[in-house]
Every structure is written in structure tokens, then in C-alpha cells.
Amino acid sequence: MNLARLDLNLVVALRVLLEERNVTRAGRRIGLSQPAMSAALARLRRHFDDDLLSRVGGHYELTALGQVLLDRTATAYDVLERLFASQADFEPATESREFRLVASDYAVAVFGVELARVVHAEAPGIRLRFTQTPTTVVEDTTTLLSATDGLFMPHGVISGFPATDLYDDRWVFLVADDHPSVGDRLTRRDVARLPWVTYQRTYDAPAVRQLGMLGIEPQVEVSVDSFQLLPLLVAGTRRIALIQARLARMLAPVAAVRVMDPPYEAVPLREALWWHPVHTHDAAHIWLRETAARVGAKLLHAA
């Protein structure tokens with residue numbers, strides 16, 4: 001494929017055509033006339049050797065290739081948008097920009113809140129948008145990072161992308177204050193026999209993968225997409241949950257739970273900001289990374 005021969009404006013046209021599935025509406029969305037939009041569709045059909053949109057009754061539906069291109073085009077558009085928004089210089093006090101960051105509720109509570117305070121004080125025109133980490137983060141990391149400004153994720157889950165280390169944490173267990181069969185210390189037998197509450201996919205956490213080497217398979221009774229709900233789902237039950245120590249200290253007072261050390265040498269947790277290489281030399285992104293590193297250093301110093 002010779003990219004030099006392609007008209008990148010067609011990426012914009014392709015995206016709106018696939019999303020709107022209507023030539024007139026697509027044209028209005030990007031300010032083109034109906035004939036101009038029809039001409040763009042004709043060029044795209046020649047390029048892909050596919051109709052992309054096929055008439056079914058009184059409306060259009062995506063062809064099989066059109067369906068495949070729908071997500072890919074949105075991702076390509078986001079990459080191009082970020083590429084051409086790159087800046088040689090960045091003045092945080094006067095700039096206006098939004099950074100889209102993917103993070104679990106743990107990362108937002110422990111780190112994102114402080115990051116937002118610093119950004120508010122130093123760069124009032126900068127907006128932060130945090131979105132929940134999807135369950136597909138491991139299988140489709142490239143697509144995720146290409147469509148965002150960064151991902152907060154501990155080491156050991158993904159690899160192969162640039163990252164800035166932020167702060168350290170450790171894993172602890174939660175059990176109910178009145179748990180009928182857990183004493184002052186949690187044992188390996190307790191971990192193996194008791195039902196678990198987990199965050200999304202248990203096996204993504206290195207500390208849980210360690211259990212497999214010990215011959216322990218967690219008995220997952222409840223799975224939830226929020227670390228902050230774990231204490232509430234443990235309190236008053238026989239369940240246990242694995243959670244980060246920094247978050248556990250914040251949440252323990254709101255639920256009748258005990259924080260207990262793992263009965264094995266759990267690997268430490270090192271949180272990092274990961275990004276797509278397209279951002280590496282962008283001045284605004286460099287400022288974001290340096291600010292995040294500064295906030296992380298403050299957390300370490302305060303620990």
C-alpha cells in the first residue's frame with residue numbers, strides 16, 4: 001500500500017459514512033454536499049473493491065467489510081487526530097486541551113484525584129477525562145492506546161509500550177470484621193477454601209497468578225468492575241478480596257472489614273502510565289508525563 005497516493009480526507013469520509021450509513025447525513029456532518037459525499041463513497045468503493053454500504057429496503061446496511069472497517073476507521077481517525085495535534089511547544093498555564101486517560105477506579109482514587117488537583121492549579125485550561133479500563137485491555141492494547149492519551153496500569157499485565165513509573169503499592173486481603181472462621185492471620189488454606197470477590201478478571205493480577213504456582217485456584221463468587229465496591233461485597237459475608245493497600249486504607253473505614261497480609265510473598269505493585277509511541281515527542285504529552293511522574297513521586301514520599 002502506497003500511502004503517498006492516498007487522500008487522507010477519505011478517512012474522515014469513510015468514518016462518517018460507516019457511522020451514519022446515509023450519504024446525506026454523513027455529508028451534513030462534515031460539511032460536504034450530497035454529490036461530494038457520493039463521489040467520496042464511489043472512490044472508497046473503488047479502493048476497497050466493496051460496496052461498504054448496501055441498500056436493504058429503504059435504508060443502507062454495512063457490508064461484512066464495512067462492519068470490519070467501522071472500528072478500524074475510528075481508531076485510525078483518533079491516531080491521525082493526535083498525530084496532527086502534536087505540538088513542538090506547550091505552555092500549560094495558557095493551553096486548552098483534553099487528555100483522555102484510561103484507568104481503573106483504583107488508579108483514579110489513589111492517583112487521579114491528586115493529578116487532577118495539580119492540573120487544576122497549574123493548567124486551568126486542561127481537561128482530564130478518565131474512562132474505565134476495558135476487559136479487553138490485554139488482548140487489544142494497541143487499539144486502546146492508539147485511541148487515548150494514556151493508560152494507568154501496573155507492570156506485569158501489559159508490555160511492549162513506553163511507560164513512566166509512578167508509585168509503588170502492595171496487595172492485601174479484605175475479610176469481614178466478624179468473619180466466623182478467619183483468625184488474626186489469613187492462611188493459604190483460607191485463601192483456597194473461601195469464596196472470592198474479584199475485580200473484573202482475576203488472572204490479570206500478577207499477585208493472583210502467583211497462586212497458581214502454589215496450587216491454589218480462587219473460588220470466584222462475585223466479579224465486579226470496581227475496586228471500590230470490594231469492601232462492601234466482603235462485609236458481612238464469608239468472602240475475601242484482594243485489593244491494593246493504598247486503596248484499602250482509604251476504604252476500610254466505610255465498611256466493616258479487616259485488612260490482612262497475604263499468606264504468601266505477593267509480588268509488589270508498581271503503577272505506571274503507558275502510552276502509544278505516537279505521543280512520545282509531543283510537547284503536551286511530555287508535560288502530562290512529567291506532571292504524572294511528579295505526582296507519583298509525591299505519593300511515594302508521603303507513604
Q: Starting from the C-alpha separation in whole Å, work towards a yes-or-no answer on side-chain contact (heavy atoms from CB on, under 4.5 Å) for V119 and R127.
A: CA-CA 8 Å; V119 170; R127 302 175 305 280; over 6 Å; no
Q: With a 3.5 Å distance limit and no angle check, can you tell me whether R45 reaches the backbone of D51 through a side-chain donor-acceptor pair?
A: yes
Q: As an exercise, state the distance from OG1 of T237 to CD of E221, rounded to the nearest 0.5 Å.
A: 7.5 Å
Q: Where is the tightest heavy-atom contact between L273 and G150, given as atom of each residue plus distance?
A: CD1-CA, 3.9 Å
Q: Quick one: do the H155 and D165 side chains pair a donor with an acceptor below 3.5 Å?
A: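 Note: H155 and D165 side chains meet the donor-acceptor criterion.
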Q: Quick check against the 3.5 Å criterion: does Q132 have a side-chain atom that pairs as donor or acceptor with the backbone of D225?
A: yes
Q: Passes salt bridge (charged side-chain N to carboxylate O under 4.0 Å, His left out), R29 versus E20? Steps please.
A: CA-CA 9 Å; R29 182 167 154 186; E20 296 292 344; 3.1 Å; yes
Q: Check whether L247 and V113 end up in the same hydrophobic cluster, where Ile, Leu, Val, Met, Phe, Trp and Tyr are linked by side-chain heavy atoms less than 4.5 Å apart.
A: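 Unlinked, L247 and V113 end up in two clusters.
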Q: Are L65 and L70 connected, step by step, through hydrophobic side chains (Ile, Leu, Val, Met, Phe, Trp, Tyr) whose heavy atoms are closer than 4.5 Å?
A: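 Yes.
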Q: Going through the distances and angles, do E290 and R294 end up as a salt bridge (charged side-chain N to carboxylate O under 4.0 Å, His left out)?
A: CA-CA 6 Å; E290 291 177 346; R294 184 155 42 92; over 6 Å; no
Q: Is the closest side-chain heavy-atom distance between L166 and F111 below 4.5 Å?
A: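 Yes, their side chains come closer than 4.5 Å.
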Q: Quick one, T280 and H285 - any side-chain contact, counting heavy atoms below 4.5 Å?
A: no
Q: Decide whether D50 and T63 meet the rule of one side-chain donor and one side-chain acceptor closer than 3.5 Å.
A: yes
Q: I'd like to know if the side chain of N22 reaches the main chain of R25, judged simply by a donor and an acceptor atom lying under 3.5 Å from each other, with no hydrogens or angles considered.
A: yes
Q: Please tell me if the side chains of F161 and T142 come closer than 4.5 Å, counting only heavy atoms from C-beta onward.
A: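 The answer is yes, as the side chains (C-beta and beyond) meet within the 4.5 Å cut-off.
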Q: What's the separation between atom CG in L69 and atom CG in L62, rounded to the nearest 0.5 Å?
A: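 Going from CG on L69 over to CG on L62, the span is 9.0 Å.
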Q: Do Y264 and I216 have side-chain heavy atoms sitting under 4.5 Å apart?
A: no
Q: Would you say that L269 contacts W171 through its side chain, given a criterion of any heavy-atom pair below 4.5 Å between the two side chains?
A: yes
Q: Can a donor-acceptor pair be found between the side chains of Y60 and R55 at a distance below 3.5 Å?
A: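 Short answer, yes.
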Q: When the ring planes of F130 and F152 are compared, do they come out parallel, tilted or perpendicular, using 30° and 60° as the limits?
A: tilted
Q: Check whether any side-chain N or O of R246 sits under 3.5 Å from a backbone N or O of D168 as a donor-acceptor pair, and report yes or no.
A: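 Side chain of R246 to backbone of D168: a pair is present.
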Q: Determine yes or no for a side-chain-to-main-chain donor-acceptor pair under 3.5 angstrom, with Q210 supplying the side chain and E265 the backbone.
A: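 Here the side-chain-to-backbone pair exists.
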Q: Does a side-chain heavy-atom distance below 4.5 Å link L194 with S181?
A: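 Touching, per the 4.5 Å side-chain cut-off.
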Q: Taking the side chain as everything from C-beta on, heavy atoms only, tell me whether L211 gets closer than 4.5 Å to V191.
A: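 Side-chain contact under 4.5 Å: yes.
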Q: Is there a donor in the side chain of S38 and an acceptor in the side chain of Q34, or the other way round, less than 3.5 Å apart?
A: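 Indeed, the side chains of S38 and Q34 share at least one donor-acceptor pair under 3.5 Å.
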Q: Check A40 against A13 and note the closest heavy-atom contact, atom names and distance.
A: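 In this case the closest contact between A40 and A13 is CB-CB, 4.0 Å.
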Q: Let's go through L52 and L44 carefully: what are the C-alpha distance in whole Å and the side-chain angles of both, what is the deciding distance for side-chain contact (heavy atoms from CB on, under 4.5 Å) to 0.1 Å, and is it a yes or a no?
A: CA-CA 8 Å; L52 302 178; L44 288 164; 3.8 Å; yes
Q: Show the nearest heavy-atom pair for residues V234 and A241, with the distance to one decimal.
A: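 Heavy atoms of V234 and A241 come nearest at CG2-CB, 3.7 Å.
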Q: Working note: T143 + D140, criterion side-chain hydrogen bond (donor to acceptor under 3.5 Å, both in side chains); need CA distance, chi angles, decisive distance, verdict.
A: CA-CA 6 Å; T143 299; D140 205 8; 2.8 Å; yes
Q: With rounding to the nearest 0.5 angstrom, report the CZ to CG distance, R289 to D149.
A: 11.0 Å
Q: With clusters defined by side-chain heavy atoms of hydrophobic residues (ILVMFWY) lying less than 4.5 Å apart, directly or transitively, does I286 cluster with F99?
A: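 No: no chain of side-chain contacts under 4.5 Å links F99 to I286.
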Q: Indicate if V267 and Y106 have the same hydrophobic cluster label, given that clusters are the connected sets of ILVMFWY residues with side-chain heavy-atom separations under 4.5 angstrom.
A: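 Hydrophobic grouping puts V267 apart from Y106.
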Q: Step by step, would you call R170 with D261 a salt bridge (charged side-chain N to carboxylate O under 4.0 Å, His left out)?
A: CA-CA 10 Å; R170 64 188 184 91; D261 290 328; 3.0 Å; yes
Q: Looking at every heavy atom in both R209 and G156, which two are closest together, and how far apart are they?
A: NH2-O, 2.6 Å
Q: Report the C-alpha distance between E114 and K298 in whole Å, list the side-chain angles of each, state the deciding distance to 0.1 Å, and finish with yes or no for side-chain contact (heavy atoms from CB on, under 4.5 Å).
A: CA-CA 10 Å; E114 184 58 29; K298 182 179 178 181; 3.1 Å; yes
Q: When you measure from the side chain of E271 to the backbone of G296, do you find a donor-acceptor pair of N or O atoms at a distance under 3.5 Å?
A: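 Checked: no pair found.
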Q: Say you draw a straight line from CD of Q219 to CZ of R239; how long is it, rounded to the nearest 0.5 Å?
A: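 Spacing of CD (Q219) from CZ (R239) equals 13.0 Å.
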Q: Would you compute the distance between atom OG1 of T291 and atom CD of E122 and round it to the nearest 0.5 angstrom?
A: 6.0 Å
Q: Indicate the atoms forming the closest heavy-atom contact of P92 with I126, along with that distance.
A: O-CG1, 4.5 Å
Q: Is the ring pair F90/W287 parallel, tilted or perpendicular, if the boundaries are 30 and 60 degrees?
A: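 F90 and W287: tilted rings.
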Q: Roughly how far, to the nearest 0.5 Å, is CZ of R43 from CG of L10?
A: 4.5 Å
Q: Counting neighbours of CZ on R270 that are heavy atoms of other residues, nucleotides or ligands and sit closer than 6.0 Å, is the number greater than 12?
A: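 Not more than 12 within 6.0 Å, no.
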Q: Which atoms form the tightest heavy-atom contact between A255 and A235, and what is the distance?
A: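 What the structure gives for the nearest pair is CB-CB, 4.3 Å.
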Q: Has the side chain of T133 got a donor or acceptor atom that lies under 3.5 Å from a matching backbone atom of S104?
A: yes
Q: Checking R193 now: which residues fulfil salt bridge (Lys or Arg N to Asp or Glu O under 4.0 Å) with it, not counting sequence neighbours?
A: D190
Q: Under the side-chain contact (heavy atoms from CB on, under 4.5 Å) criterion, do Y199 and V224 qualify, and how do the steps go?
A: CA-CA 5 Å; Y199 170 78; V224 65; 5.6 Å; no
Q: Report yes if some heavy atom in the side chain of V220 is under 4.5 Å from a heavy atom in the side chain of P195; otherwise report no.
A: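 They are not in contact (no side-chain heavy atoms under 4.5 Å apart), so the answer is no.
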Q: Does I243 share a hydrophobic cluster with V259, counting links as ILVMFWY side-chain heavy atoms below 4.5 Å and allowing steps through other members?
A: yes
